Amino acid sequence: MTEIMPEAPKDCALCPRLRQFILDQREKEPDWFNGAVPSFGDSQAKLLVIGLAPGMTGANRTGRPFTGDWAGDLLYATLGKFGFTRGTYDRRPDDGLELKDAMITNAVRCVPPQNKPIGAEINQCRPFLKARIDALSEVKVLLCLGKISHDSTVRALGLRLKDHPFGHGSEYQVGDMTLLSSYHCSRYNTNTRRLTEEMFENVFARAKALIEA
Ligand code: URA
């Protein structure tokens, strides 16, 4: 059996719709990253933040998860508040920012049309997510942003969705790890105040406490 690597190749072609979407985008914006976005952070991470998929003008443009869009502003600021960053986040992949004890990945590694991957794409990308989790020998907390990320992570761990429903602040013990989830820090969720900064920080405070316990 071939071993699945934690990172998809930049030119991954497993999902025909996403592949075509990226090829079309390369025509329109040849200077953008336009490929499967690799995870970013510390290979000894204790915290793995799992987003949904690259945003078109964020990670798909810059090549670093959550970098250059609204969701990233809140995510990186919050990571900084809880001591998971070194350096200053400046919305560019060459801003020199490093993550300390943390890594950020996405449940789906290629930008989907309208930010909405279809079920087959989420399933196709899951082996990379599973391999990403398996490669982090020190990981204690998996922090899923949004239901798609949560559900795909539950499946990657071989667990039943029925027994592990998503909720903001939901928490499940899985062996040595805790699966923690939050509403996604998207512009829509923060503008509608479904997710406030305080709610997001409370989830990170819990993640930090679990890591330090
Ligand atoms: N950028 C990402 O990389 N992932 C998300 O889920 C949202 C924005």
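Keep in mind that the numbers below use all heavy atoms, side chains included, and drop hydrogens, waters and symmetry copies. These numbers come from a predicted model, not from an experiment. Numbering of ligands and ligand atoms starts at 1, following listing order.
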**Prompt:** Does a salt bridge link D11 with R26, judged by any charged N lying under 4.0 Å from a carboxylate O?
**Reply:** yes
**Item:** Lys NZ or Arg CZ of K208 over F84 ring: under 6.0 Å, within 45°
**Value:** yes
**Closest non-hydrogen atom pair between A8 and A36, with its separation** = CB-CB, 4.0 Å
**Prompt:** Relative to each other, are the rings of Y172 and H150 parallel, tilted or perpendicular (30° and 60° limits)?
**Reply:** tilted
**Request:** Carefully, step by step, assess R109 and N106 under the rule side-chain hydrogen bond (donor to acceptor under 3.5 Å, both in side chains).
**Result:** CA-CA 6 Å; R109 305 293 175 86; N106 279 307; over 6 Å; no
**Request:** Compile the protein residues with any heavy atom at a distance under 4.0 Å from an atom of ligand 1; present them by chain, then by number.
**Result:** G51, L52, A53, P54, G55, A59, P65, F66, D69, N106, H184
**Asked** V203, Y76: one ILVMFWY side-chain cluster at the under-4.5 Å cut-off?
**Response** yes
